[in-house]
Every structure is written in structure tokens, then in C-alpha cells.
**Q** 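Take this structure, written in C-alpha cells, and hold onto it; I'll ask about it next.
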Amino acid sequence: MIYYPKIFGTCAGANTAIKLAFDLKEKNKNKNIFIYKEILHNPYVIELLKKANIECIDDLNILKKDDILIIRAHGEPKSTYEYLNKKKINYHDATCIKVKMIHEIVEENYNKGKKIIIVGKKDHPEVIGTNGWCNNEAIIIENKDDYKKLNDNNYFIVCQTTINKDKLDSLINYLNDNNISYEYKNTICNASKLIQSSSVDITNNLDIMFVIGGKNSSNTKELYNVCNEKTKTYYFSNIEDFYDFIIKENYSENTRIGFTGGASTLKEQVYEYSNLLQFVIYYKNKLKELIKEIDKYNNSLLNNTDNRIIKDAINKFIEMNKDGKFIRGCLIDLGYKLHNNDNYSTPLSIAYETFETSILIHDDIIDNADVRRGKKTIHEKYKDDFNKYKIDSTPTSLALCIGDLGLYYSNQIIVDNYKKDKNLSKILHYYNEIIINTIKGEILDVYLPFIEKNDKNHKLYENDILEIYKLKTSYYTIVGPFILGMILGNSSTKEINTFKDTLLNLGIAFQIKDDILGVFGDNKLIGKSTSSDIEEFKQTILYSYIKINKKEYLNDLLKYYGKKNKSKEIQKIFKESGALEYANKKMNEMFNEVKNNINKLNIKEDIKQILLGFIKYLEIRKK
């Protein structure tokens, strides 16, 4: 069960600053938009801005005539404004209105001859900015050790907006006890306090709390501290670190989990973490169920034969028909559960996973691969069996037979389990459509590397690559299984067509990620060598980008592409040419488009959250 406090996430000042940045970019698409220093202490927000070509800078000297500058929410010293005005730089002030008020109070009292005290952190940008409105002469009180600086009278006290009020109270008590005269204005922002109290309010009902936000954010650190006093609390600013943590934990649907975020954390960022956790909980539960069911099915395959040769072949298939990720089986379940709550779709998931094993056996033969799912491929196992003989095409032929066998096992599972279902003919029709599309994609995937390798005049188009991604990956991996589940679950034709359109680019983005991992991933994690795609002369948008757009790199690429053990050389070329950056950008655009479209769909909220978590998993996965 997931819980959120009533109040959490970015405060009004932070929202205003972020909105200003995006609005300015929308109105000035052909101009450079810069933010002076980090707009907020949150890498997630910085990355969002970067994707919109809004850059945070530390050096004002790089600004050119038509550039537009934004002053961040933390505010700046007076000297910064004087510099900008002197240089006639076009700037917009996103300083939080409460911070501006502090600047005015400090300047006014400093000009009256009062000594300014700022309760806050010396190196915090808001404190540095505020100090700049009293000629940088303020006394900064960060802890009790700083009290020894207070040996005079006539002080005026302000606070960093995100500081804990206990620090202000402690200082006031000290000044009173030592008869030191002062005036003060409590400038602590109540937004942070409201987030803290609202978050603490739900801790009594929780087993665990996750605080999300930038590691350098003072208000988020303080939020973590107050939550951690009440319940077990973890603080994350990087969603990949969060995934690595939760995948090792045993959270269930019954675990009471809270999520909150500080005043510099976007709500959508908190929801991303929550959705990812909900997907992981769902996936781990479903995975256990599917592993148990496929083991049961695998064990049944040996019941109808005594022939030792066939038994050996079936055993080889069984060994391969396990240890998969079962993503496709889960997608069938999710498609089915758009309108249902039972496990009627489980046999269809097992059938599809068996089909996947079959087509991978064929794929391994085509690619001449020696490892699949961390184990030897079937044709390689037969080579080991026959190592005392002169090896011919027999290992390959036997592996082909076993792959064919698996395809019909899959058909048999569907027919045996759904022969009385009114949608059986629709299921079989669409299932065959998936297989046909997958084979069409395989034809392109086999043909293009060969012709590209052997015909120097061959004209390659990016759409050729995208067609492979669509046919071989998107239909087979994402669209196909989800739609099969929808058909079984009696979804309407309109709903089915909507999801076909929505999920197509998710499958393409999935394959782009696969191709990136195929060159830049970890051999142990991805279950194959990062040289294998290169050796196969695999056609990817990394390759096509150079062939079409960066011909100056093509000769170097062709020197290594198709050769063994050339991963490092190819990685360097893909990075330096911009191919990797291009592929990542295209992939992320597709992921974001799919997320936006799914958010608009009127479907069960739990399924929507799991799907959004699934997309985030695909974005950050390492295998």
C-alpha cells in the first residue's frame, strides 16, 4: 500500500522559477536560455531543463547579445544585479518572493546601521545571496560554535528560509540569556514546515518512508531528518540507485510505504519513484507465479516419450525455457487485467514465454550466438555433445528442430487452455500476426547487415532500421503480448487500437536501449558479449546515424565493425560522432511520448501506475 502526505513537493517559489524557464524557452525557441547557477538543488529538474535546451551556467562572461538569463529561486547578491544592468544583459528574476522580501529587509536594516545576523548555512546559495545585500558583512550562525562571534548589540536577525526553527529559537535564547539587544524577523518559509508536518503525520501508519529529492537540498535533508525520527526512512536523489535498492528488498502489496519530497522536488518525480516501486512489487510477485507455472509445464513435456534422443532434445529445450525475464508474460497479464482481476491469463503468458524461447533458439542460430540467458545456446550444446566427431550442420539442424518444436508447444498450450473461450480464434489470429511480423523483421535483420557489409553503394535509410525495430521488437516484445491479454480480457476494438498506437514507440525505444546496451552494457548483466552485435554487423540507429549523417567517421567505423573484440574502438566512435547522444535522445523522446499518452488514458489507476513504472524500468535498466 502506497501513502503520500497531503502536502509535498515543490513550493510556489520553485514552481514559479521552473515555469518561467519553460515559458521563456517556448516564447524564444531560437534564443539561448541560461539559468545562473542551479535553479534548484535537484538534478532531476536540471536534467529536465537540459532536455529542453535550457542550461545552468556558472560564468556570466559566456553570455552573448541575444541570450536570456534567469536568476534562480535562491536569489543573488546585489552585485550580480548591478553587473547584469551594467552589461545590459537581458535577464528575468525567478528569485522566490519570500527571499526577495529578506533581501529588502536586510538592505533596509543594514542601511540603518544595524548588524545583520543570518541563521543558516554559510555555503548555501540563499545565504550567500542574502549576505550580498549587506555588503557581505553579515554574521552567519550555522551552529552554537558561531555564538562566540556575537559580542556587540544592535543586531537584526533573519533566517535562511529552509532552516529548522530550533536553530533560531536556540539563538534567541542565547541572546536573551546574555542581554544582547536584537530585533528579528522570522523568515523561515512555512512551505517546508508544512511538508515536514504533513509527512510526519502519515509516519505512524508506515513500515517505511522514502524521501525523494536532491542530495544538496537543505529542505529535503531536513525533511529526511524529521521523518527518520518517526519511522525507518531512506533518502534518494537518483532513481537508478533507488531501483538497485528496491530490487533487493522484499516489499509486497501489504507493506505500508510512504513517499514524500521536499520543496525543491517535483511531484511528478516522487510519482516516478512510486510507480517504479509498484511495478517492481507487481513484477516480482508475478515472476514467482510464472516461474512456478513454467516449471510445472516444462516437467510435463517429458511425459509422452521414452525415446532417449527426443528426451535429450526436450531437456535441452526445457533448460532454455527457464530463467527468462518474463516481461512479455507480465504484459499479457496487465493487458488482461485492464478489465479483470483473476489469473485466467496465466496459461497464455506461459505459451508466449515458450514461443519466445523458440524464436530465440532460431535467433541464436542466425546470429551464430554461443550464449543465451547466461548459458550455452542449444546448437553449441550439440557441438559439445558431438565433439569427438567431425562437426557438420547437424547441431544447427537439431537446434532448428527444437525451435520448431517449441513453437507448436506454444500453440498447444493456447488451444488446450482456451478451447472453450469465445475469443480463441481472435487470440490465435493475433498470435499468428505477431509471429508473421516478427519473422518479417527477422528477414530485414538478416538481409540488411549482409548487403550493408558487402555492397559499398547500398543506400541505407534510418526507416529501414526503425522497420526492424517495429516488426521484430515492438510487436513481439511490447504491443503483441499486451494486446493478446486485452483480447483475452474482452477489451473493445477501440481500446485495443488505442493501445496499439500508444505502445508502438515504447517497443522501438526498448530496442534502441537494447542496442545501446549491446555495445555499452556489462557482459555479465546482459547475458552476452558486447562484441556480438558488432561482430554480426548488426544494423542499429547508432550505425545508421554515422552512415547517413557523419560520413567522416564511416571509414573508421568500417575498419572495426564486423570484427571480433573491437568493442572499445566502436564505443569511442559512437561517442565521438554523436551517434550515442542521438540514439539516447531519440529513445528518451519516445519514452516521454508514451508516458504522456498513457497518463491521458482513462484506465484503472493501479494498471496505469504499473505501466508507468514499467516504462521507467525500461529507461533505467542495465540488462
Side-chain angles (χ1 to χ4, degrees), residues 47 238-248 276 279-280 283 287 320 323-328 356 359-360 363-364 366-377 380 441 445 449 465-466 468-469 472-474 476-478 506-546 553 557 560-591 614-623:
E47 189 59 30
N238 181 294
I239 200 162
E240 292 181 10
D241 293 340
F242 176 71
Y243 175 77
D244 290 340
F245 175 81
I246 61 175
I247 202 68
K248 297 172 186 173
L276 180 60
F279 165 72
V280 167
Y283 174 60
L287 184 62
M320 195 57 68
D323 302 324
K325 293 191 282 285
F326 291 88
I327 290 295
R328 295 162 185 83
E356 180 192 357
I359 210 158
L360 289 178
D363 209 36
D364 291 337
I366 292 167
D367 296 341
N368 199 28
D370 54 7
V371 175
R372 171 69 67 182
R373 292 173 174 169
K375 60 191 86 169
K376 280 193 176 183
T377 52
E380 287 296 324
D445 203 21
I465 310 300
L466 294 178
I468 298 173
Y469 291 173
K472 187 181 173 184
T473 304
S474 195
Y476 156 60
T477 302
I478 306 291
L506 180 58
I508 293 173
F510 173 91
Q511 185 58 55
I512 295 173
K513 180 77 174 185
D514 245 21
D515 289 341
I516 292 171
L517 290 173
V519 177
F520 293 92
D522 184 314
N523 291 348
K524 292 178 182 176
L525 289 176
I526 62 176
K528 66 175 185 176
S529 168
T530 50
S531 296
S532 61
D533 287 356
I534 296 166
E535 291 167 18
E536 294 163 20
F537 217 87
K538 186 174 182 181
Q539 296 299 284
T540 69
I541 64 166
L542 293 159
Y543 177 93
S544 67
Y545 177 80
I546 292 177
Y553 287 91
L557 179 65
Y560 303 113
Y561 216 67
K563 310 291 193 306
K564 290 192 173 188
N565 302 318
K566 296 299 178 184
S567 296
K568 288 183 180 178
E569 291 85 351
I570 295 297
Q571 287 171 5
K572 184 180 179 185
I573 293 168
F574 282 158
K575 284 179 181 177
E576 291 181 355
S577 66
L580 177 61
E581 181 183 354
Y582 173 77
N584 272 315
K585 183 180 179 184
K586 193 170 191 70
M587 175 187 72
N588 288 328
E589 285 172 352
M590 288 182 171
F591 278 136
F614 170 59
I615 296 169
K616 179 51 65 175
Y617 159 74
L618 293 183
E619 286 184 83
I620 66 173
R621 70 192 173 100
K622 297 173 185 174
K623 61 180 180 178

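Numbering starts at 1 and runs along the sequence shown.
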**Q** Are more than 12 heavy atoms, taken from residues, nucleotides or ligands other than E589, located less than 6.0 Å from that residue's CD atom?
**A**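 Yes - once you tally the heavy atoms of other residues, nucleotides and ligands closer than 6.0 Å, there are more than 12.
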**Q** Run the side-chain contact (heavy atoms from CB on, under 4.5 Å) test on E569 and I534 for me, step by step, so that the C-alpha distance in whole Å, both residues' side-chain angles and the decisive distance to 0.1 Å come before the verdict.
**A** CA-CA 11 Å; E569 291 85 351; I534 296 166; over 6 Å; no
**Q** So, are E356 and R372 salt-bridged, with charged N and O less than 4.0 Å apart?
**A**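 So E356 does not pair with R372 through a salt bridge.
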**Q** Roughly how far apart are I468 CD1 and Q511 CD, rounded to 0.5 Å?
**A**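 Output value for this atom pair is 9.0 Å.
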**Q** Could you check Y283 against K325 for side-chain contact (heavy atoms from CB on, under 4.5 Å), going step by step and ending with a plain yes or no?
**A** CA-CA 10 Å; Y283 174 60; K325 293 191 282 285; 3.7 Å; yes
**Q** Honestly, is R621 close enough over Y243, meaning NZ or CZ under 6.0 Å from the six-membered ring centre and within 45° of the axis?
**A**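 No cation-pi geometry.
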**Q** Under 4.0 Å between a side-chain nitrogen and a carboxylate oxygen: does that hold for D244 and K622?
**A**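 Yes, D244 and K622 are salt-bridged.
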**Q** Is any side-chain heavy atom of T477 closer than 4.5 Å to a side-chain heavy atom of R328?
**A**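 Touching, per the 4.5 Å side-chain cut-off.
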**Q** Does I620 reach the side chain of L276, with side-chain heavy atoms less than 4.5 Å apart?
**A**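 They are in side-chain contact.
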**Q** Mind checking the CD1-CG spacing from I478 to L506? Nearest 0.5 Å is all I need.
**A**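 Separation between the atoms: 4.5 Å.
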**Q** Can you tell me if NZ on K563 sees more than 12 non-hydrogen neighbours from other groups inside 6.0 Å?
**A**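 Above 12, so yes.
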**Q** For L557 and F574: C-alpha separation, side-chain torsions, deciding distance, then whether side-chain contact (heavy atoms from CB on, under 4.5 Å) applies.
**A** CA-CA 9 Å; L557 179 65; F574 282 158; 3.9 Å; yes
**Q** Going by side chain to side chain contact (heavy atoms under 4.5 Å, CB included), F591 matches just one of I508, I512, L618. Which one?
**A**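 Output: one option passes, namely L618.
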**Q** Answer yes or no: is there a side-chain heavy-atom contact under 4.5 Å between D241 and F245?
**A**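 No, their side chains stay 4.5 Å or more apart.
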**Q** Could you tell me if the side chain of T540 sits less than 4.5 Å from the side chain of D533, heavy atoms only?
**A**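 Contact flag for D533/T540 side chains = no.
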**Q** Find the distance between OH (Y560) and CD (E535) and round it off to the nearest 0.5 Å.
**A**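 Spacing of OH (Y560) from CD (E535) equals 15.5 Å.
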**Q** Would you compute the distance between atom CG of D367 and atom CD of E536 and round it to the nearest 0.5 angstrom?
**A**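 Between atom CG of D367 and atom CD of E536 there are 4.0 Å.
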**Q** Report yes if some heavy atom in the side chain of F510 is under 4.5 Å from a heavy atom in the side chain of I327; otherwise report no.
**A**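 They are not in side-chain contact.
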**Q** Flag the pair L360 / M320 as yes when at least one side-chain heavy-atom distance between them is below 4.5 Å, and no otherwise.
**A**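 With C-beta onward as the side chain, the pair stays apart.
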**Q** Test your reading of the model: is there a side-chain donor-acceptor pair from Y561 to the backbone of K566, 3.5 Å cut-off?
**A**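 No.
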**Q** Between Q571 and F520, is any pair of side-chain heavy atoms under 4.5 Å apart?
**A**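 Yes, at least one pair of side-chain atoms sits under 4.5 Å.
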**Q** Under a 4.5 Å cut-off applied to non-hydrogen side-chain atoms, are I239 and E619 in contact?
**A**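 No, their side chains stay 4.5 Å or more apart.
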**Q** I need the I541 CD1 to N584 CG distance, nearest 0.5 Å.
**A**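 Answer rounded to 0.5 Å: 9.0 Å.
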**Q** For the pair D363 and K472, find out whether any cationic side-chain nitrogen is under 4.0 Å from an anionic carboxylate oxygen.
**A**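 Judged by the 4.0 Å cut-off on N to carboxylate O distance, D363 and K472 do form a salt bridge.
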**Q** Considering non-hydrogen atoms only, spot the tightest contact between S474 and G507 and give its length.
**A**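 Closest approach of S474 to G507, heavy atoms only: OG-CA, 3.3 Å.
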**Q** Nearest 0.5 angstrom please: D515 CG to L542 CG, how far?
**A**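 It is 6.5 Å, given to the nearest 0.5 Å.
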**Q** So that I know where these two stand, are F537 and Y543 an aromatic pair - ring centroids less than 6.0 Å apart?
**A**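 Yes - the distance between ring centres of F537 and Y543 falls below the 6.0 Å cut-off.
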